[in-house]
Amino acid sequence: MSDWRLILPYVGGMLILTLGGADMPAEKIQGGPALPVNTDRPGRTSLYLTNELELRFLENMREHGRTKGTISSYRRNLSKLRKSLPEDGYLDAGLISNWQEELLEKGYSPSTVNGCTATVNSLLDFAGRRDLQAGQLPVEETPLPELTRNEYLRLLQTAKLLEKRQTYLLVLMFGTVDLPLHALSHVTVEAVREGWIFVPRRLRVPPCLRAELLAYAADCGIRSGPVFRTRNGTLMDRGNINVRLQSLARDARVLPEKCNPRCLRKLCVATQEGIRANLELLAEQTYDRLLENESLTVGWSGCHKGGEEL
């Protein structure tokens, strides 16, 4: 039987698939990475995930206004996916579903898994393969446990007594700035020196935290770049941070489920909101006193009966 060719459009060009004879790789007619169908898997279409495709996708996201932080997040999510790919590098809907379950088993929350899935779905959309996209996991809003101010201070005191300086600064960082865990890499020497962290919204670094972080960076010989690093100089990841905080929780006699970046951020936000509410109440009371004093001077005496001015 003679071979024949099937031409398929895709983002950035077209694919030419040779059918009927020996399996042939996809050819490119126009620019862009070739995205072949895996003919080794009868009845199941898949996408060959290449480095070139990933780079083109990230560049496309950058051209569409995504921030550096968002691009970095996309890259990390795709890195997680690559660790679950088979050796041939082919991606299909079943693999994505299994990957979601693997992330849950590793301790990632459903919302985090959904964020990773959204990145992969965007990549598939860019590649013209929406048929491989995965659905989002249901997310149950479980209320976070309340970390009290006293427990927070006990964590800091315990880290200080045990001379765990980096852990101390992690608690102080998340307890004083509403910083998402994935944006920890944005806490650079340059940003701390300026007093502002962009994630992409602007977060103010309180002077006391600024002084602590700069002193730590100077003592560790960190002149630029991220402040929080491992002994090998690599960025601290979620697992490393959680291990440190959970160990501190045990030493400080604080429930482990309360000692994590999310609960520390919740305390930070709640504390600021409480202060703002008190200031707003104080402003209203001050304003009322001002009006009462003015009323004593220029107020209309007696009750307002109306109808006196015609």
Side-chain angles (χ1 to χ4, degrees), residues 67-73 76 109 111-112 115 143-160 164-220 222-230 234-249 252 254-280:
T67 65
K68 290 183 178 179
T70 300
I71 297 298
S72 296
S73 177
R76 288 193 299 271
S109 67
S111 58
T112 299
L144 287 173
E146 297 283 346
L147 178 69
T148 68
R149 199 77 192 169
N150 285 336
E151 289 172 330
Y152 164 70
L153 295 175
R154 195 157 74 241
L155 289 171
L156 291 174
Q157 290 169 346
T158 302
K160 184 178 179 180
K164 295 182 177 181
R165 190 176 184 184
Q166 191 177 61
T167 305
Y168 169 89
L169 289 174
L170 284 170
V171 174
L172 188 64
M173 180 81 241
F174 291 114
T176 55
V177 179
D178 184 20
L179 180 78
L181 176 56
H182 66 78
L184 190 62
S185 60
H186 293 258
V187 184
T188 62
V189 174
E190 296 84 352
V192 173
R193 189 176 292 121
E194 292 294 327
W196 297 97
I197 302 171
F198 295 87
V199 294
R201 63 192 176 97
R202 190 174 70 163
L203 299 175
R204 176 176 171 271
V205 182
C208 60
L209 175 61
R210 179 174 175 271
E212 293 268 21
L213 291 175
L214 291 178
Y216 169 76
D219 291 343
C220 294
I222 303 174
R223 298 183 179 180
S224 63
V227 174
F228 292 98
R229 310 179 186 187
T230 65
T234 58
L235 292 175
M236 298 186 70
D237 59 21
R238 180 189 301 269
N240 189 292
I241 292 170
N242 284 335
V243 167
R244 290 171 179 267
L245 294 181
Q246 291 301 296
S247 176
L248 179 62
V254 175
L255 291 176
E257 57 267 27
K258 290 185 176 184
C259 195
N260 57 68
R262 293 180 65 199
C263 287
L264 287 165
R265 286 181 60 199
K266 182 179 179 181
L267 174 65
C268 169
V269 173
T271 301
Q272 293 184 17
E273 289 178 348
I275 292 174
R276 291 192 185 98
N278 290 334
L279 289 175
E280 184 176 349

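If you're wondering where the values come from, they're calculated on a predicted model, not measured in any experiment.
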### Query
Is it true that a side-chain atom of Arg204 and a backbone atom of Trp196 form a donor plus acceptor pair closer than 3.5 Å?
no
Heavy atoms of Leu248 and Ala159 approach each other most closely as CD1-N, 3.6 Å
When rounded to the nearest 0.5 Å, the distance separating CD of Glu273 from CG of Asn278 is 12.0 Å
Looking only at the side chains, is there a donor atom on one of Ser109 and Thr112 sitting less than 3.5 Å from an acceptor on the other? yes
* List the steps, then state whether side-chain contact (heavy atoms from CB on, under 4.5 Å) holds for Leu155 with Val254. => CA-CA 8 Å; Leu155 289 171; Val254 175; 4.0 Å; yes
message: With a 4.5 Å cut-off on side-chain heavy atoms, are Tyr152 and Leu172 touching?
response: yes
Here the gap from Asn260 atom CG to Arg262 atom CZ, rounded to the nearest 0.5 Å, amounts to 7.0 Å
Verify, without hydrogens or angle tests, whether Glu212 (side chain) and Leu169 (backbone) share a donor-acceptor contact under 3.5 angstrom.
no
Between Val199 and Ala183 the two heavy atoms that sit nearest each other are CG1-CB, 3.6 Å
Under a 4.5 Å cut-off applied to non-hydrogen side-chain atoms, are Leu179 and Leu184 in contact? yes
Taking Glu146 first and then Lys266, would you say they form a salt bridge - that is, a charged N and a carboxylate O separated by under 4.0 Å? yes
Rounded to the nearest 0.5 Å, the CD atom of Glu190 sits from the CZ atom of Arg193 at a distance of 6.5 Å
Rounded to the nearest 0.5 angstrom, the SG-CG distance for Cys263 and Leu144 is 4.5 Å
Mind checking whether Leu147 and Cys259 have side chains closer than 4.5 Å, heavy atoms only? no
So CG of Leu170 and CZ of Arg165: to nearest 0.5 Å the spacing works out to 12.5 Å
Under 3.5 Å: donor-acceptor pair, side chain of Glu194, backbone of Ala191
no
**Asked** Are Leu213 and Met173 close enough that some pair of their side-chain heavy atoms sits under 4.5 Å apart?
**Response** yes
Contact between Phe198 and Arg202 at the side-chain level, heavy atoms closer than 4.5 Å - yes or no? yes
Next on the checklist: What I'd like to find out is whether the side chain of Arg223 reaches to under 4.5 Å of the side chain of Val189, using heavy atoms alone.
Outcome noted: no
Within the structure provided, determine whether Arg201 and Leu203 are in side-chain contact (heavy-atom separation under 4.5 Å). yes
Rounded to the nearest 0.5 Å, the NZ atom of Lys258 sits from the CG atom of Leu264 at a distance of 12.0 Å
Smallest heavy-atom separation, Ala249 atom then Pro256 atom, equals CB-CA, 4.1 Å
Please list every donor-acceptor pair under 3.5 Å in which a side-chain atom of residues 236-244 meets a protein atom from a residue at least two apart or in another chain.
| from | atom 1 | to | atom 2 | distance (Å) |
| --- | --- | --- | --- | --- |
| Asp237 | OD1 | Gly239 | N | 3.3 |
| Asp237 | OD1 | Asn240 | N | 2.8 |
| Asn240 | OD1 | Arg244 | NE | 2.9 |
| Asn242 | ND2 | Arg238 | O | 3.4 |
| Arg244 | NH1 | Gln166 | OE1 | 3.1 |
| Arg244 | NH2 | Gln166 | OE1 | 3.0 |

message: Is it true that Thr234 and Arg229 share a donor-acceptor pair across their side chains at a distance under 3.5 Å?
response: no
